[in-house]
Amino acid sequence: MPAERPATRSHADADVAVVHAELHADEAADEAADLTNGDLARVFHEIGDILEVKGEIAFKTIAYHGAADTIGRSPIDLVAAYRAGDPPKVSGVGQAISDKITELVTTGRMLFLEQLRTEVPASLVDLLKIPGLGPKTVRQLHEELGIATMDDLKAAAEGQRIRDVRGLSERTEKLILEGITRLETQPPRRMYLHQAEEHIASLVELLGQVPGVDSIQPAGSYRRRKESIGDLDLLAETANPTALMNRFTDLGTVDHIVARGGHKSAIRMIRGPQVDLMVMPPGTAGTYLIHFTGSKEHNVKLRARARDRGWSLSEHGFLRIGEDGEPLTGADAELRTFATEADAYAFLELPFIEPELREDQGEIEAAQAGTLPPLITKADLRGDCHSHSDWSDGSQPIEVMAEAARRRGYAYQVLTDHSRSLAIANGLTPERVEEERAIIAALNKRFAAEEAAGTAPPETPLEGFRLLHGCELEVRADGELDYDDELLARFDVVVASVHVARRQPRAELTRRTMNAIRSPHVDIVAHPAGRMIQTRDDLDLDWEAVYAAAAANGTALEVNGSPHRLDLSAERARRAVSVGCILTIDSDAHHTRELDDTRWGVAQARRGWVTPADVLNTRSRADLLAWVAAKPDRIGA
DNA sequence: GCCGTTTTCGGCCCGACTGTTTTCAGTCG
């Protein structure tokens with residue numbers, strides 16, 4: 001299972017509490033309006049990091065990190081809830097942490113954190129980023145050599161002073177220097193899902209050829225389809241681990257070997273991710289897959305459940321626990337292994353839990369109660385509501401996009417070239433909209449004829465395939481829509497989105513988004529948060545108001561499948577559905593090879609507990625068009 | 001610091017690999 005967070009927050013993460021601490025108290029309260037769940041999570045991770053270096057008992061630091069993780073993933077805007085005086089119950093957040101949140105969101109400061117920072121400088125916490133350097137060693141270096149910064153550490157290593165510290169050696173000194181160099185030259189960056197997929201495909205291909213290897217399977221956060229991926233995890237079923245490990249650490253793409261053992265090795269790829277490879281004896285994959293797929297939090301709950309039933313769970317299987325509370329060993333040892341995950345879950349009296357759900361977000365409780373949702377699959381999609389051609393900023397002709405969609409077995413593809421004002425994307429004037437409509441009509445005439453003649457592609461569904469005429473309608477900076485009502489009424493489907501003036505205040509951005517949601521002509525709001533993963537932040541919206549308006553007006557919210565967007569996020573999709581919204585899952589393809597990006601959107605929707613009934617484009621073309629036609633009746637309902 | 005149809009106190013998941021050690025602590029996932 002890969003690390004779910006970096007060993008420590010970067011100092012450059014510029015968390016909010018620093019900023020606020022420097023403000024006057026009266027200004028701070030206003031400024032705190034910009035706080036997000038993510039900011040709270042960073043603050044509590046920082047507290048956990050500092051307490052580690054201070055040498056606080058492990059369970060306390062675990063508690064802070066655990067609370068930070070839960071807060072970061074919460075679908076509810078905790079800052080707003082706390083400020084409204086209505087703190088919701090959040091797992092892992094007890095009285096002490098709750099009080100600290102209240103203090104931060106109401107005053108903009110947290111005295112506890114400020115105190116900690118005076119005791120342990122951030123530069124010291126930074127040292128945890130060096131591979132192999134943990135809190136104990138960092139504290140030791142600080143106490144014995146007075147090292148407080150990365151520069152101090154580098155100087156000490158170069159001056160050969162590290163080797164004089166008890167428990168450290170000349171070799172450690174060398175490893176520290178290498179670690180610093182690597183940090184300076186290779187800033188850690190997470191992969192997009194499609195990049196992880198490419199790495200995994202080639203590794204599986206290469207390692208699968210090693211004699212004796214029965215299977216190679218990806219695990220970790222990639223298997224759970226997290227929206228970005230740090231390390232890669234591979235599991236191999238083989239009776240000959242040595243040959244496999246030799247091949248793995250000998251790959252031409254290996255930059256250096258991180259660790260090497262008989263059953264577990266790790267490499268760093270050249271200009272690429274760290275890859276962990278674990279060996280499992282043939283026929284025992286069940287508990288190995290569960291262990292290395294994670295998440296950590298999911299596994300912790302499973303182990304507690306095993307323990308309640310008298311078993312200790314590890315990747316190797318279940319070990320019977322003796323009267324002393326320890327697993328039985330030697331002749332008394334009793335190990336239960338399982339070939340499949342489903343069998344291992346069944347041993348814990350649980351149904352199989354899909355990897356995308358394993359985040360300890362209620363899935364174990366739902367499994368226990370028999371209420372796991374029937375998750376949507378890519379096969380449920382009967383069409384795609386968002387795509388582009390070279391008439392705006394796509395790279396291929398309308399016909400090529402349509403043919404590619406038709407061969408995917410869809411009943412419809414909605415062509416949604418950009419509207420007029422998005423000049424950078426060659427947005428269509430009303431005149432060009434008419435021309436495009438004529439081309440689409442001609443194409444559909446041909447498709448219908450081929451279907452009647454039985455010469456359509458074999459993938460064509462019974463209801464046939466049609467290219468629907470849509471647009472990606474710009475919501476302008478002033479909130480006005482980019483085409484007039486008369487033109488909008490003539491599209492089959494209208495997808496609206498915000499691309500410009502992204503830095504407006506929350507109230508203004510929310511008003512613009514609501515304007516689209518409430519239009520009788522707008523059917524879908526595309527990539528509602530406007531984010532780009534790792535590069536562009538979310539729009540600052542009043543999300544609860546957006547969900548409520550979308551639900552009330554029957555406007556769909558998109559889960560955009562582009563691996564750079566994945567927007568709505570899994571958490572938001574889950575929240576939106578829970579308050580009555582309907583979703584679409586679209587590719588936003590600008591090229592035929594991106595049409596299958598819907599699979600990433602489906603994966604995020606699955607992470608958000610979304611079922612086929614929650615998604616508009618699981619419906620037939622007739623039902624989709626009927627739903628669109630009924631939009632004016634839903635307004636103000 | 002959190003948490004509780006076995007507990008409001010006493011637990012809190014588990015093992016491999018590494019490095020510096022002579023039996024183990026630290027780190028990592």
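Quick note on labels: first sequence line is chain A, next is B, and so on, each numbered from 1.
Among the nucleotides B:dG26, B:dG15, B:dG19, the one closest to any side-chain atom of A:L319 is B:dG15. Among the nucleotides B:dG1, B:dT27, B:dG19, the one closest to any side-chain atom of A:P135 is B:dT27. The nucleotide whose nearest atom lies closest to any side-chain atom of A:T172 is, among B:dT27, B:dG19, B:dG1, B:dG19. When the nucleotides B:dG19, B:dT27, B:dG1 are ranked by their closest atom to the side chain of A:I57, B:dG1 comes out on top.
Following rounding to the nearest Å, A:M278 (CE) and B:dC14 (C1') show an atom-to-atom distance of 14 Å. The CZ-P distance, from A:F292 to B:dG15, rounds to 12 Å in whole Å. Between the CZ atom of A:R166 and the C1' atom of B:dG19 there is a distance of 14 Å, rounded to whole Å. To the nearest angstrom, P of B:dC28 lies 12 Å from NE2 of A:H65. Computed from coordinates, the A:L128 CG to B:dT27 C1' distance equals 11 Å when rounded to whole Å. One atom, OH of A:Y288, and another, C1' of B:dG15, lie 10 Å apart when rounded to the nearest Å. Rounded to an integer number of Å, the gap from CG of A:D69 to C1' of B:dC2 is 15 Å. In this structure, A:D276 places its CG atom 12 Å from P of B:dC17, rounding to the nearest Å.
Judged by Watson-Crick or G-U wobble contacts below 3.5 Å, the nucleotide B:dT8 has no partner.
Taking 4.0 angstrom as the limit, A:S265 places none of its side-chain polar atoms (N or O) nearer than this to OP1 or OP2 of B:dC17. For B:dC14, one of the phosphate oxygens OP1 or OP2 lies less than 4.0 angstrom from a side-chain nitrogen or oxygen of A:S312. The side chain of A:H316 places an N or O atom within less than 4.0 Å of a non-bridging phosphate oxygen (OP1 or OP2) of B:dA16.
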*Could you check A:Q368 against A:R305 for side-chain hydrogen bond (donor to acceptor under 3.5 Å, both in side chains), going step by step and ending with a plain yes or no?*
CA-CA 11 Å; A:Q368 162 86 42; A:R305 188 178 175 91; 2.7 Å; yes

*Under the salt bridge (charged side-chain N to carboxylate O under 4.0 Å, His left out) rule, what do A:R42 and A:E46 come out as? Steps first, then yes or no, please.*
CA-CA 6 Å; A:R42 273 188 284 275; A:E46 182 184 355; over 6 Å; no

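Of the residues in residues 143-152 of chain A, none has a non-hydrogen atom less than 4.0 angstrom from any atom of DNA chain B.
Among residues two or more places apart in sequence or in another chain, the salt bridge (Lys or Arg N to Asp or Glu O under 4.0 Å) test is passed with A:E119 by A:K54. Residues passing the salt bridge (Lys or Arg N to Asp or Glu O under 4.0 Å) test with A:D152: none are found, sequence neighbours excluded. Remark: A:R320 engages A:E334 in a salt bridge (Lys or Arg N to Asp or Glu O under 4.0 Å) (not counting sequence neighbours). For the ring-ring contact (aromatic ring centres under 6.0 Å, His included) test, residues two or more places apart in sequence or in another chain that qualify with A:F318 are A:F338, A:F347. Annotation: salt bridge (Lys or Arg N to Asp or Glu O under 4.0 Å) contacts of A:R161 (sequence neighbours excluded): none.
Across the P atoms, B:dT8 and B:dG15 are found 29 Å apart, a figure rounded to whole Å. For the P atoms, the distance from B:dG26 to B:dT21 is 13 Å, rounded to whole Å. Comparing the same atom, P, in B:dT18 and in B:dC12 gives a spacing of 29 Å after rounding to whole Å. Rounded to whole Å, the C1' atom of B:dT7 lies 14 Å from the corresponding atom of B:dC2.
Nearest-nucleotide assignment on DNA chain B puts the 5′-proximal partner with A:K264, out of A:P131 and A:K264. Each of A:S314 and A:A259 was assigned the nucleotide of DNA chain B with the nearest heavy atom; the assignment lying further toward the 5' end belongs to A:S314.
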Atom pairs and distances, side-chain donor-acceptor, residues 255-265 of chain A, under 3.5 Å, sequence neighbours left out:
residue : atom : partner : partner atom : Å
A:H256  : NE2  : A:R182  : NH1          : 3.2
A:R260  : NH1  : A:T249  : OG1          : 2.7
A:R260  : NH2  : A:N246  : OD1          : 2.7
A:S265  : OG   : A:G261  : N            : 3.4

In residues 88-99 of chain A, what donor-acceptor pairs under 3.5 Å come from side-chain atoms, sequence neighbours left out?
residue : atom : partner : partner atom : Å
A:K89   : NZ   : A:V93   : O            : 3.4
A:Q95   : NE2  : A:D99   : OD1          : 3.0
A:S98   : OG   : A:Y82   : OH           : 2.9

Tabulate atom names and distances for all N/O pairs under 3.5 angstrom spanning the protein and nucleotides 3-11 of chain B.
residue : atom : partner : partner atom : Å
B:dC3   : OP1  : A:G92   : N            : 2.6

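Between the side chains of A:D39 and A:T36, at least one donor N or O sits under 3.5 Å from an acceptor N or O.
Note on A:I62: nothing from the nucleic acid sits closer than 4.0 angstrom, heavy atoms only. Residue A:G66 is out of contact with every strand shown, counting any heavy-atom pair closer than 4.0 Å. Residue contacts for A:L175: at a heavy-atom cut-off of 4.0 Å it reaches the sugar-phosphate backbone alone, with no base atom in range.
Look at B:dT7: its glycosidic torsion is within 90° of 0, and that puts it in the syn range.
Ring stacking is absent between A:F59 and B:dC2, as the pair misses the limits of under 5.5 Å between centres and under 30 degrees between planes.
Taking the six-membered ring where tryptophan is involved, the planes of A:H298 and A:Y345 are perpendicular, since the angle between them exceeds 60° and thus also 30°.
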